[in-house]
Asker: 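Mind looking over this structure? Questions follow.
In what follows, every chain begins at residue 1, and chains take the letters A, B, ... in the order their sequences are listed.
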Amino acid sequence: MAIFNAKDRIIECKIVFYGPGRCGKTTNLEHIFKAGKKYTKSDMVSINTKGDRTLFFDFLPIGLGKIRGCDVKLQLYTVPGQQKYNSTRKLVLKNVDGLVFVADSLEVRREANILSLKDLQDNLAEQNMDMFQMPVVMQYNKRDLADDGIPILPIEVMDKDLNSRLKAPYFEASAFKGKGVGETLKKSIQITLIYLNKKLKWSQ
Amino acid sequence: MSIKERIKELVKEAELYRSQSLLNQSKEKYLELLKLAESDESTSKNKKLINDIKRRIKSVEGEINEIEEADKKSPELSEDVQNLISSLFSFSQNQATAAIEGAVALAKFGQYDKAVKELERLVKEGPIPLQAAINLLRCHLSLASPEVALNQYKRWESREELGKGDLKYLQKFLDDHFKKKGIDIQLIEAGELSSGGKAVEEKSDDLIDLSSIGIQFPEGKFKGKMWEFDVSFQSGNTVSIIIPLVKKDMAEIFKKGLRLPNIQCTSPIAIFNGSGVVVQNSNITTGPKRGSFNVDIRIDGK
C-alpha cells in the first residue's frame with residue numbers, strides 16, 4: 001500500500017509493470033526515463049543478465065509534483081518475466097498500488113501472455129490482493145511488428161484472451177518506438193491515484 | 001506462396017525472434033524451416049542452404065546455453081544497488097524488523113556476502129538478535145551449506161555472543177532442520193534433551209516475529225473479507241494491531257474471545273496460515289494514536 005504522509009501531504013505509490021519475458025516492460029521504463037527526465041532526479045536502476053533480460057527488477061522513481069495539494073511520488077518497477085523468477089516477482093509485487101500488464105502482440109507469445117496474467121493473479125492473491133479490484137492497465141505491445149510482416153495477434157483476440165473479465169483500459173503500443181507508452185502510464189497513474197484516494201483520502 | 005518466399009518469410013521471423021531474445025521461438029522457426037527445406041524437392045539437395053540453416057540452429061542453441069549458464073550465477077551488485085534493495089524491500093514500520101527484512105531481501109536477490117555481513121551486524125548490535133541469528137542460519141542453509149551454518153552456531157556458542165536461551169533455541173532450530181533434511185548431525189545430546197529440553201520447547205513454540213497479519217473476518221459487516229494489518233507490537237504468540245477510530249465499525253467486531261479461524265501471518269522469512277483468538281480490545285487514550293483501538297490477538301494455530 002502507498003505511503004501517505006498526511007502532515008507533509010506527500011503520497012508515495014508503487015506501480016509495477018508485469019508481463020511475460022521479453023514483452024517490453026524494461027523498454028517501457030527506458031522510454032519513460034528518457035522522455036521524462038525532468039521528473040526524475042535519479043537514474044533508472046536496471047539489473048540485467050545475459051541477453052538484456054531483467055534479472056531482478058528495474059526501478060525508476062518519479063516526482064509528479066503537486067496534484068490536488070499533495071506531493072505525488074511514483075515508484076515504477078518491472079518484474080523479471082521469465083517463469084523461473086517467481087519468488088522475485090512476488091517480492092517486487094509486495095505493497096503494489098497499480099499495475100500495467102504488458103502483453104506481447106507476437107502470435108508465438110499468446111500462451112505466454114495468458115500464463116503471465118494468471119501468474120499475476122495468483123501472486124496477488126497470495127498477498128490478499130484481488131487483481132479484479134486493482135487498478136490495472138493493459139498494454140498490447142509490439143504492434144509495429146505487423147509492418148514488417150511478422151504475425152501478430154489481432155487486438156480483439158488479445159482483448160478476449162486477457163481482458164474479457166478484467167475489462168481494464170487498454171492501449172496499443174510500440175515501446176521500442178515510444179508509441180503508446182505515455183498514454184499507458186498516464187492512465188495507470190490516473191486510475192491508481194483515484195483508487196488510492198478512495199482508500200487513503202489523500203486528495204484535498 | 002513460392003518455396004523461396006516461404007523460406008524468406010521463415011528466416012525473417014526466426015531472426016526477428018532472435019533479435020528479441022526469444023531464442024526458443026527462433027529455434028523453432030529454424031527447425032520448421034529445416035523441415036521445409038529438407039522435404040521440398042527444389043531445396044532438399046541444396047546442401048549450402050541446409051547447412052546454413054543447421055549452422056543458425058546451432059548458433060541459437062549456443063545462445064540459449066550461454067543464457068542458462070549466466071542465470072546460474074547471481075551477479076555481485078554494486079554497494080549502491082545493494083543498499084537500494086535493502087531499503088526498497090523492507091516493508092515493516094518497525095525499524096528492527098525492517099532491518100532484518102532488508103538483509104533477507106539481499107539474500108533473496110543472491111547477495112549472499114552482503115546479507116551475511118548485515119545479519120552478523122544485526123546479531124551483534126540489533127535489538128532482536130535472535131531473529132537476526134535465525135535468518136543468518138537460514139541464509140547459510142539455503143545459499144551455502146549445513147556445515148557453514150553449524151560453524152556459525154559454534155562460533156556464537158564459543159564466544160558467548162548470544163544468551164543461553166537463544167542458543168538453545170538456535171540449537172533446536174538447526175537440529176530440526178538437519179532432521180528434516182536427513183542430515184546426520186545432532187547438536188542436542190540425549191541427556192540434554194531430558195534436562196533442558198523443556199525450556200527449548202517452550203521457546204520454540206514462540207511465534208517468529210511477524211510484520212503483518214491478514215485476518216479473514218468470521219462475522220459482522222466484513223464477514224468473509226480478508227484485511228491486512230501491520231503488527232504494532234508482539235510478545236510471544238500475542239500480537240497487537242491498531243485500528244484507527246475511523247474504522248470503529250471494524251474495531252468493534254474484535255470482541256474479546258472472538259475466534260479468528262483464518263489468519264495469514266507474514267514475517268520477514270515466511271508467510272504462513274494460522275488461527276487465533278482476540279484476547280483484548282482497548283481504546284488508546286493517550287499519544288498520537290489516541291482514539292484508535294488496540295487489539296491483542298493470540299495466535300494459537302500454525
Side-chain angles (χ1 to χ4, degrees), chain A residues 1 3 7 12 14 20-24 26-27 42-43 45-57 59 61 75 77 80-82 84-85 87-88 90-95 104 106-112 125-130 133 141-142 145 148-152 176 200-201, chain B residues 5 8-9 12-26 28-29 63-75 77-78 80-82 84-85 87-91 93 101 104-105 108-111 211-216 225-228 230 246 262 264 266 271 288:
Chain A
M1 177 52 71
I3 299 168
K7 188 173 156 258
E12 265 179 45
K14 175 173 179 178
R22 310 301 300 165
C23 68
T26 300
T27 313
S42 52
D43 278 345
V45 176
S46 280
I47 306 166
N48 295 341
T49 181
K50 190 98 189 160
D52 269 350
R53 289 156 187 263
T54 300
L55 178 62
F56 295 144
F57 61 91
F59 172 68
Q75 292 188 336
Y77 289 78
Q82 293 176 76
K84 60 185 167 187
Y85 294 132
S87 61
T88 310
K90 284 183 194 174
L91 204 56
V92 175
L93 267 185
K94 190 135 201 251
N95 288 0
D104 194 326
L106 286 170
E107 243 178 46
V108 288
R109 299 300 280 162
R110 185 177 180 183
E111 197 189 347
E126 268 189 37
Q127 299 181 31
N128 292 319
M129 286 189 272
D130 181 355
Q133 304 294 324
N141 195 22
K142 303 189 190 176
L145 292 179
D148 298 328
I150 305 295
I152 64 167
F176 180 66
L200 301 171
K201 309 265 182 262
Chain B
E5 282 169 335
K8 267 189 178 174
E9 199 180 74
K12 194 168 147 187
E13 253 190 86
E15 280 304 305
L16 185 276
Y17 299 150
R18 190 174 178 177
S19 73
Q20 301 222 343
S21 254
L22 293 167
L23 298 173
N24 289 317
Q25 287 76 7
S26 175
E28 271 173 36
K29 277 293 149 196
E63 283 179 47
I64 293 171
N65 288 339
E66 269 181 43
I67 283 174
E68 281 171 1
E69 278 306 307
D71 283 358
K72 284 180 187 164
K73 296 172 265 175
S74 275
L77 304 172
S78 71
D80 283 350
V81 175
Q82 287 180 335
L84 183 72
I85 286 175
S87 71
L88 291 179
F89 297 97
S90 52
F91 303 100
Q93 285 179 358
E101 280 179 336
V104 171
K108 284 186 177 169
F109 284 115
Q111 305 306 296
S211 49
S212 65
I213 53 172
I215 298 174
Q216 190 173 36
K225 283 193 179 162
M226 181 69 90
W227 208 277
E228 192 158 347
D230 282 334
V246 288
N262 189 8
Q264 191 170 66
T266 306
I271 296 174

Asker: So which atom in B:Lys12 and which in A:Ile150 form the shortest heavy-atom distance, rounded to 0.1 Å?
Answerer: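 Reported closest heavy-atom pair: O-CD1, 4.3 Å.
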Asker: Go through the atoms of A:Phe176 and report whether side chain, backbone, both or neither lie under 4.5 Å from a heavy atom of chain B.
Answerer: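 Nothing of A:Phe176, per the 4.5 Å heavy-atom cut-off to chain B.
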Asker: Please name all residues satisfying side-chain hydrogen bond (donor to acceptor under 3.5 Å, both in side chains) with A:Asn128, sequence neighbours left out, ordered by chain then number.
Answerer: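 Only B:Gln264 meet the side-chain hydrogen bond (donor to acceptor under 3.5 Å, both in side chains) criterion with A:Asn128.
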Asker: With B:Ser90, which residues qualify under side-chain hydrogen bond (donor to acceptor under 3.5 Å, both in side chains), at least two apart?
Answerer: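 For B:Ser90, no residue satisfies side-chain hydrogen bond (donor to acceptor under 3.5 Å, both in side chains) once neighbours in sequence are set aside.
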Asker: If you round to the nearest 0.5 Å, how far is CD of A:Glu107 from CD of B:Glu13?
Answerer: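 Taking CD in B:Glu13 and CD in A:Glu107, the distance rounds to 8.0 Å.
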Asker: Please classify the contact between A:Leu55 and chain B as side chain, backbone, both or neither, with a heavy-atom cut-off of under 4.5 Å.
Answerer: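 Side chain only.
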Asker: Would you compute the distance between atom CZ of A:Phe59 and atom CG of B:Leu88 and round it to the nearest 0.5 angstrom?
Answerer: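 The CG atom of B:Leu88 is 4.5 Å from CZ of A:Phe59, to the nearest 0.5 Å.
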Asker: Please report the interatomic distance CZ(A:Phe56) to CD(B:Gln111), rounded to the nearest 0.5 Å.
Answerer: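 A:Phe56 atom CZ to B:Gln111 atom CD measures 5.5 Å (nearest 0.5 Å).
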Asker: Could you grab the distance from atom CG of B:Asp80 to atom OG of A:Ser42, nearest 0.5 Å is fine?
Answerer: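 The CG atom of B:Asp80 sits 11.5 Å away from the OG atom of A:Ser42.
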Asker: So what's closer than 4.5 Å to chain A heavy atoms on B:Phe89: side chain, backbone, both or neither?
Answerer: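 Just the side chain, heavy atoms under 4.5 Å.
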Asker: Distance from B:Phe91 atom CZ to A:Leu91 atom CG, nearest 0.5 Å?
Answerer: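 With rounding to 0.5 Å, CZ (B:Phe91) is 5.5 Å from CG (A:Leu91).
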Asker: Looking at CD1 of B:Ile67 and CZ of A:Arg53, how far apart are the two atoms once the value is rounded to the nearest 0.5 Å?
Answerer: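 The distance works out to 4.0 Å.
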Asker: At a heavy-atom separation under 4.5 Å, does B:Glu228 approach chain A through its side chain, its backbone, both, or neither?
Answerer: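 Only the side chain of B:Glu228 comes within 4.5 Å of chain A.
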Asker: Given side chains that start at C-beta, do those of B:Gln20 and A:Leu145 come closer than 4.5 Å, heavy atoms only?
Answerer: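 They are in contact (side-chain heavy atoms under 4.5 Å apart), so the answer is yes.
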